Structure formats: C-alpha cells, structure tokens
Amino acid sequence: MGKIKYINSSDTTLLIILEGDWCFDQEVPCADDIISQIDSLPDLKQVTLNRDKLTKWDSGLLSFLFKINIHCLGQNILFQKKSLENGMQRLLSLATAVPERKKARKEKKSHSFLTKAGTTFVNFTSSAKEMLNFLGEATIAFLKLISGQSSMRQSVFMPIFQDCSSGALPIVSLISALVGLILAFVGAIQLVMFGAEIYVASLVGISMIRVMGAVMTGVIMAGRTGAAFAAQLGTMEVNEEIDALKTLGISPMEYLVLPRMLALAITMPLLCLYADLMGIIGGMIVGVFMLDLNFMEYFNMTRASISLNDFSIGLFHSLVFGILVALAGCLRGMQCKRSASAVGDAATSAVVTGIVAIVIATAVITLLCNIIGI
C-alpha cells in the first residue's frame, strides 16, 4: 500500500516522502490531496520528492506524479524530479514534453434548419447525378455487349452466375415456403368463418405468382447478392484494383458491373418461378394438413385461379428487380471510399438502396397494370 508524508522544510518548500508499493492493484493516495496541500501554501515555490522508502512502483505512481507536475506548472511552482530514478524522470519528461494543442478537439457546431436543408439538397443532387452517370455508363456497356464490342469475359460471368442461381436456392426455398404458409394462415382465419377454405388456394396462388414471389426474391437477393456485390467492388476500390484496370485500358463497367447485372437479370426470373412454386407448396401444406382440403382439389383451384397474365407480370417484376439490385450493389461498391469501414457502409447502403428501389418499382408496376387493366 502506498503512503505519503508531508514535511514543510520552509514556507517555500514542500517535501513529499513516498513510501510502500505504488501500483495500480494497491490502494494509493489521491493526487487531489497533494494538490490541496500545495494550494494551502501561498508562498510555496518548490516541491521535492523523497523515494528512499519506496519499494515497488508502476504507471500508477507515474499518473500520480504527472497530475502533481501539471498542477505545479500551472502555478509556476518548481517540481523537483532529481531524486527520482532516471527512468521515472524520462517518462515524466516525455509525458509533459508535448502540451495539448489548442483547439485540437473537435467542437460540435449547431447548424440552422436552412443550413441542414441546403446541405441535404446539395448531397441529394450530387448523388442523383452520380446515379444517372452510372446508369448511362451501364446502358452503354450493355449496348456494346449487344453489338459484340464488349470486353466482358465468360470466365468472369460464369462464377457470378452460379453464385446468383444455385447458391441462392436454399434461402429462397426457406423464405418462399414460409411466406406461402403465412399467407395461407392469414387467409384461412377469415375464410373459415364463411366456409370458403378452398379459396386459400386462390389467395396464395395469385399473390405469390403475381407479386409476392418476385418481391420476396428481390429482397432476398438485395440482402444476399447486392450486399456481396458492393463489398466485392468496395474491396477492389480500397485495394486500388479498379484503378489498375483503368490503367490497363479495361473498362470497369464492362469487366465488373456488366457481368453482375446480366447474371442477376437472367437468374431472377428463374428464382422467381422457383419461389412461386415453393410458396404454393407452403400454402398447400396449410390447406391439406390443417384445413382438411383434398390435394387435387387444392391443385385444381390454384390452376383455375392463376392466368398467363399473372405469370407475365411476376416475371417482369423479377426482371426489373434483378437489374435494380445489381445496379444498386455495383453503384455503392464503385462509390466506396478507401477505408475498411467504408466497405461495410457500402454493403449496408446497397441493401437499403436495393430494397427501396424494389418497393418503388413494385408500386409503379402495380399502378401501370391497374391503368392498363391487366
């Protein structure tokens, strides 16, 4: 246990005797007590130390002496360190060698409402401009692919296509089947009241094939594949690999973005059909095993309820969602700043952008279908 003693050798000198163990795991005196003793002597000019009875010490003692030293400097009192060990003197000198720079700490500034609104508008305008430029470059890359002038390689496209197709089947199967179960449960609660359990098949079939299958698949791919695209391209941006491609004369849009956009545009309609099937199977489980419906009865009702227009609308939804998710993931990846945390921010932003785009596209397509009458 550390101890201290005060000896006023004169009105201008204070001797502090250090005794015992001065370690963090031991109970040591508080530096504020010494500072109060110093302030009680108005004529004090010098503080000296005696360490003859000091047995062990660590940074706990240094922290104690540092506070006293800083206080003495502020009061123009000489803090005598010559009696300390050489290592202790060097550590104290190093701690006080560089004072804290004025205004080094960031001060929080409050901005007015107009300033915040203007900043938000400027950021939105800049982001919209970048998005339009990216969309234009992607369109040009696609037109080059159609004309046979693109530098896209099959060796780059095939692994992406495999990851977007067969790699996504497990999660699509699980989520789609559960969505079908949920729709059947919700519909059955009301339909059972009227003895119309058979129409659960119509509810599940139309909702899954027309909208829900495509929407759920799009959300899954936005969280799974869109975030992966953003993380991949963001990491390449951090490692300056995209700059290397530009230096070699290879277009990042044709080499990186176009394969990902094509892969999702092709696989999304196929995954949507698979999600429709899994959703109908999920609804059929509820209808057959809980509502006591006949399997063929449920199947025939589902087939009679859906039409070719429903299939076409669902596939069109999925095609649009695939392009939007790919563009959102690649855009955020290309916009990634060169830091480790920026990669995570890009992946998060890609998921949010993709889901928002899916919701907006769903609303627009549904409105257009109602206007056209299909």
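What you see is a predicted model, and the numbers here were worked out from it, not measured in a lab.
- Side-chain contact, S173 with Y274: a donor N or O sits under 3.5 Å from an acceptor N or O.
- Taking every heavy atom of both residues into account, S318 and A214 meet most closely at N-CB, 3.9 Å.
- Side-chain contact between V359 and V215 is absent, with no heavy-atom pair separated by less than 4.5 Å.
- Note on F321: it does not cluster hydrophobically with V364, by side-chain heavy-atom contacts below 4.5 Å among ILVMFWY residues.
- Minimum interatomic distance between V351 and G223 (heavy atoms only, all atoms of both residues): CG2-CA, 4.1 Å.
- Here CG of L271 is found 13.5 Å from CE of M216. Values are rounded to the nearest 0.5 Å.
- The shortest heavy-atom contact between G218 and V325 is O-CG2, 3.9 Å.
- No donor-acceptor distance shorter than 3.5 angstrom exists from the side chain of S349 to the backbone of D345, with no hydrogens or angles considered.
- S207 approaches V204 most closely through the heavy-atom pair OG-O, 3.2 Å.
- M290 has its side chain within reach of F185: a pair of non-hydrogen atoms, C-beta onward, lies under 4.5 Å apart.
- Scanning both residues, I171 and R224, for their nearest heavy atoms gives CG2-CD, 4.2 Å.
- Rounded to the nearest 0.5 Å, atoms NE2 (H317) and OG (S312) are 12.0 Å apart.
- Side-chain polar atoms of T267 and S165 form no donor-acceptor pair below 3.5 angstrom.
- One hydrophobic cluster holds both L183 and I285 under the rule that ILVMFWY side chains link at heavy-atom gaps under 4.5 Å.
- In this structure a side-chain-to-backbone donor-acceptor pair under 3.5 Å is missing from N239 to E241.
- With a 4.5 Å cut-off on side-chain heavy atoms, I209 and I313 do not count as touching.
- Put simply, the side chain of I160 reaches to within 4.5 Å of the side chain of F229, judged on heavy atoms.
- Between V286 and V200, every side-chain heavy-atom pair lies at or beyond the 4.5 Å cut-off.
- Without hydrogens or angle criteria, D163 side chain to P159 main chain gives no donor-acceptor distance under 3.5 Å.
- Atom CE in M278 sits 9.5 Å away from atom CG in L181 (nearest 0.5 Å).
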- Message: Could you walk me through whether R260 and Q232 satisfy the side-chain contact (heavy atoms from CB on, under 4.5 Å) test, starting with their C-alpha distance in whole Å, then the side-chain angles of each, then the deciding distance to 0.1 Å, before giving a yes or no?
- Response: CA-CA 11 Å; R260 288 168 169 79; Q232 292 167 2; 2.9 Å; yes

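- Side-chain contact annotation: N123 with T120, donor-acceptor N/O pair under 3.5 Å absent.
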- Task: May I have the step-by-step check of side-chain contact (heavy atoms from CB on, under 4.5 Å) for V257 and L331, ending in yes or no?
- Result: CA-CA 9 Å; V257 176; L331 172 64; over 6 Å; no

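- With respect to E240 and R338, a salt bridge is recorded, a charged nitrogen being found less than 4.0 Å from a carboxylate O.
- The same ILVMFWY cluster, assembled from side-chain heavy atoms under 4.5 Å apart, contains both I266 and M221.
- Note on M212 and I358: same hydrophobic cluster, where clusters join Ile, Leu, Val, Met, Phe, Trp and Tyr whose side-chain heavy atoms are under 4.5 Å apart, directly or indirectly.
- Between M334 and P252, the shortest heavy-atom contact is CE-CB, 4.0 Å.
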- Start with the C-alpha distance between L256 and V156, add both sets of side-chain angles, then the distance that settles side-chain contact (heavy atoms from CB on, under 4.5 Å), and finish with yes or no. CA-CA 8 Å; L256 299 175; V156 177; 5.7 Å; no

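- Here the CG-CE distance, from L203 to M208, works out to 11.0 Å after rounding to the nearest 0.5 Å.
- Under the 4.5 Å side-chain contact rule for hydrophobic residues, M268 and F157 share a cluster.
- Of the inter-residue distances, the one linking E254 atom CD with E137 atom CD reads 10.5 Å to the nearest 0.5 angstrom.
- Between Y298 and L291, every side-chain heavy-atom pair lies at or beyond the 4.5 Å cut-off.
- The main-chain N or O of A350 is never found under 3.5 Å from a side-chain atom of T353 such that the two would form a donor-acceptor pair.
- At a threshold of 4.5 Å between non-hydrogen side-chain atoms, the residues L233 and C336 do not count as touching.
- Here the side chains of M253 and L258 are not in contact, with every heavy-atom distance at 4.5 Å or above.
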- Message: For a side-chain contact (heavy atoms from CB on, under 4.5 Å) check, start with the C-alpha distance between V211 and I206, then their side-chain angles and the critical distance, and finish with the verdict.
- Response: CA-CA 8 Å; V211 177; I206 294 175; over 6 Å; no

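- For S147 (side chain) and L143 (main-chain N/O), a donor-acceptor pair under 3.5 Å exists by modelled atom type.
- Note that CZ of F134 is 5.0 Å distant from SG of C330, once rounded to the nearest 0.5 Å.
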